[in-house]
Undergrad: 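Starting off with a structure, shown below.
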Amino acid sequence: MKPGISITCIGGAAVDRKYRALNAIRQGTSNPVLSERSFGGVARNVAENMARLGVTVSLASILGKDENGRAILDDLEGLGIGTQFMTISDRHATAEYVAVLQPDGELAVGLANMTIFDEMTPALLRRIEPDLQSSWFFADCNLPSETLHALVDIAHRQPLPLAIDAVSTPKVARLPRDLTGVGLLFLNLDEACAYLGASEEAPEKAAARLLACGATRVVLTLGKTGLVVADRSGVSQIGAVGAQIVDATGAGDALIGATLVALLKGHSLTEAAHLGTAAAALTVESTTSVRPDLSFALLETTLSLRADPTFEREPS
């Protein structure tokens with residue numbers, strides 16, 4: 001890894017709460033539950049994965065002036081993630097996602113308060129100007145469209161190494177139609193089709209079309225069959241690494257974090273994506289959204305030991 005190189009992650013940070021009912025949920029009355037709290041958000045999860053893999057990383061996001069916001073800040077500092085670009089809002093509460101689950105784990109109702117992310121305007125980018133010459137950047141599409149447009153434009157003009165994750169089918173539409181400036185785009189096939197305005201598309205063709213839109217490199221995930229990587233040298237498919245799934249939450253974030261760290265270490269895109277699939281496999285075998293014992297040595301060992309790879313379901 002080059003001396004002095006760090007990564008700044010820009011995007012979502014949230015509190016995730018799960019309430020699992022002890023008995024079938026009954027409407028209109030109190031239900032006994034088991035509860036747990038964790039920290040989430042794509043950019044936050046990617047930053048934690050990178051920190052656990054030994055990279056100097058900072059997070060640029062927005063929190064409310066509340067207990068949830070203080071808890072996230074304390075957790076980031078405990079992980080060694082830089083918080084110098086974090087913003088505190090006086091207007092909105094810290095982003096929160098609440099999942100109420102049936103006893104078997106099936107989602108009964110999900111509640112999301114993400115209004116605070118609307119405050120992540122292009123002014124946020126001025127806060128990270130001190131790192132513009134020394135850092136790689138990762139952004140998620142939780143950012144408002146105008147902020148994503150401004151970030152891609154800055155990356156094009158500087159130029160800056162910028163990676164972006166689509167997050168979801170609706171949010172990929174926030175990206176500009178001209179992807180020039182996007183050094184690496186992470187998305188799944190549904191998100192690719194939504195961006196390209198196609199009802200259906202072969203993965204290799206979708207990846208090639210995204211390159212034609214201006215992206216320098218593309219990692220297109222395909223669930224249990226693995227993923228497709230594409231750059232100017234061509235398009236190739238990589239199989240997923242076998243795993244016994246405990247909880248698929250965070251697998252996609254692990255894939256992104258490990259792929260970017262491997263690229264920083266000088267691996268090719270194909271090699272880096274292979275290591276990313278190992279990170280995803282290790283994460284789905286954990287009860288947490290970021291595996292606490294994650295290390296680069298563990299990625300390399302996992303990749304070397306597991307053959308005939310398959311995923312049981314698509315990483316989140």
Side-chain angles (χ1 to χ4, degrees), residues 7-17 38-50 57-64 66 68-69 72-73 75-76 81-83 85-89 91-99 110-128 136-155 162-176 179 181-182 184-188 190-192 194-195 215 219 221 249-257 260 289-290 315-316:
I7 294 183
T8 300
C9 296
I10 312 168
V15 167
D16 292 337
R17 298 184 188 275
S38 60
F39 302 118
V42 174
R44 197 221 68 87
N45 285 353
V46 170
E48 182 178 345
N49 276 287
M50 291 179 174
V57 58
S58 298
L59 179 64
S61 189
I62 187 165
L63 304 171
D66 49 33
N68 281 343
I72 290 176
L73 273 179
D75 183 66
L76 292 171
I81 296 170
T83 59
F85 304 129
M86 298 297 290
T87 299
I88 304 299
S89 170
R91 297 173 54 205
H92 295 105
T94 299
E96 186 172 9
Y97 176 73
V98 176
L111 306 170
N113 178 7
M114 304 291 169
T115 308
I116 193 171
F117 294 148
D118 293 339
E119 293 188 50
M120 297 179 73
T121 67
L124 170 71
L125 304 181
R126 290 193 286 274
R127 292 176 54 83
I128 64 176
W136 279 41
F137 288 86
F138 166 78
D140 68 42
C141 285
N142 285 307
L143 296 172
S145 183
E146 63 174 348
T147 307
L148 284 166
H149 281 239
L151 182 60
V152 171
D153 182 61
I154 291 170
L162 171 65
I164 291 180
D165 178 49
V167 177
S168 69
T169 300
K171 290 179 180 178
V172 73
R174 298 178 181 180
L175 289 172
L179 296 175
V182 179
L184 178 54
L185 179 62
F186 292 91
L187 73 177
N188 64 32
D190 287 342
E191 292 158 355
Y195 179 82
V219 173
T221 59
T249 305
D253 305 331
L255 184 146
I256 292 167
L260 292 176
S289 58
V290 179
S316 65

Undergrad: Drop me the distance from T87's OG1 to I62's CD1, to the nearest 0.5 angstrom.
TA: 5.5 Å
Undergrad: Please assess F186 against I164 for the test side-chain contact (heavy atoms from CB on, under 4.5 Å), listing each intermediate value before the final yes or no.
TA: CA-CA 6 Å; F186 292 91; I164 291 180; over 6 Å; no
Undergrad: Answer whether the closest heavy-atom distance between the side chains of L175 and V182 falls below 4.5 Å.
TA: no
Undergrad: First locate atom CG of L143, then atom CZ of R174, and finally report the distance between them rounded to the nearest 0.5 Å.
TA: 8.5 Å
Undergrad: With sequence neighbours excluded, tell me which residues meet salt bridge (Lys or Arg N to Asp or Glu O under 4.0 Å) with D75.
TA: R44
Undergrad: A93 and N113: which non-hydrogen atoms are nearest, and at how many Å?
TA: CB-ND2, 4.3 Å
Undergrad: Show every side chain to side chain donor-acceptor pair (under 3.5 Å) that has at least one partner inside residues 163-172, sequence neighbours left out.
TA: N142-K171
Undergrad: Tell me, do T147 and F117 make a side-chain contact under 4.5 Å, heavy atoms counted?
TA: no
Undergrad: Holding to side chain to side chain contact (heavy atoms under 4.5 Å, CB included), I want the full list of residues that pass it with H92, two or more places apart in sequence or in another chain.
TA: S89, T115, I116, E119
Undergrad: If you compare all heavy atoms of L148 against all heavy atoms of D140, which two are closest, and at what distance to 0.1 Å?
TA: CD2-O, 3.9 Å
Undergrad: Any chance you could lay out the side-chain contact (heavy atoms from CB on, under 4.5 Å) test for L184 and V219, step after step, and finish with the verdict?
TA: CA-CA 7 Å; L184 178 54; V219 173; 3.8 Å; yes
Undergrad: Please step through side-chain contact (heavy atoms from CB on, under 4.5 Å) for the pair I7 and V46, ending with a clear verdict.
TA: CA-CA 10 Å; I7 294 183; V46 170; over 6 Å; no
Undergrad: So, taking the atom named CZ in F138 and the one named CD1 in I10, what distance separates them when rounded to the nearest 0.5 Å?
TA: 9.5 Å
Undergrad: Quick one: are V152 and L162 in side-chain contact, heavy atoms under 4.5 Å?
TA: yes
Undergrad: If I compare all heavy atoms of C9 with all of A43, which pair ends up nearest, and what's the gap?
TA: CB-O, 3.8 Å
Undergrad: Could you tell me the separation between the CE atom of M86 and the CD1 atom of I81, rounded to the nearest 0.5 Å?
TA: 9.5 Å
Undergrad: Show the nearest heavy-atom pair for residues G12 and S61, with the distance to one decimal.
TA: C-OG, 3.9 Å
Undergrad: Test Y195 against L179 for side-chain contact (heavy atoms from CB on, under 4.5 Å), laying out the working first.
TA: CA-CA 11 Å; Y195 179 82; L179 296 175; 3.3 Å; yes
Undergrad: Could you measure the distance from the CG atom of D118 to the CZ atom of R91? Nearest 0.5 Å is fine.
TA: 8.5 Å
Undergrad: Mind checking side chain to side chain contact (heavy atoms under 4.5 Å, CB included) for A166 and listing every partner two or more places apart, or none if nothing turns up?
TA: V172, L187, E191
Undergrad: Side chains of D253 and S289: does their closest heavy-atom pair fall under 4.5 Å?
TA: no
Undergrad: Indicate the atoms forming the closest heavy-atom contact of A139 with L151, along with that distance.
TA: CB-CD2, 3.5 Å
Undergrad: Taking only residues two or more places apart in sequence, or in another chain, which ones meet D66 in a salt bridge (Lys or Arg N to Asp or Glu O under 4.0 Å)?
TA: none
Undergrad: Just to verify, which of L125, I128, I154 counts as forming a side-chain contact (heavy atoms from CB on, under 4.5 Å) with F137?
TA: I128
Undergrad: Rounded to the nearest 0.5 Å, what separates atom OG in S38 from atom CG in N45?
TA: 8.5 Å
Undergrad: Could you pull out the closest heavy-atom pair between A60 and L124, with the gap in Å?
TA: CB-CD1, 4.4 Å
Undergrad: For R17, check salt bridge (Lys or Arg N to Asp or Glu O under 4.0 Å) against everything at least two apart and list the hits.
TA: E96
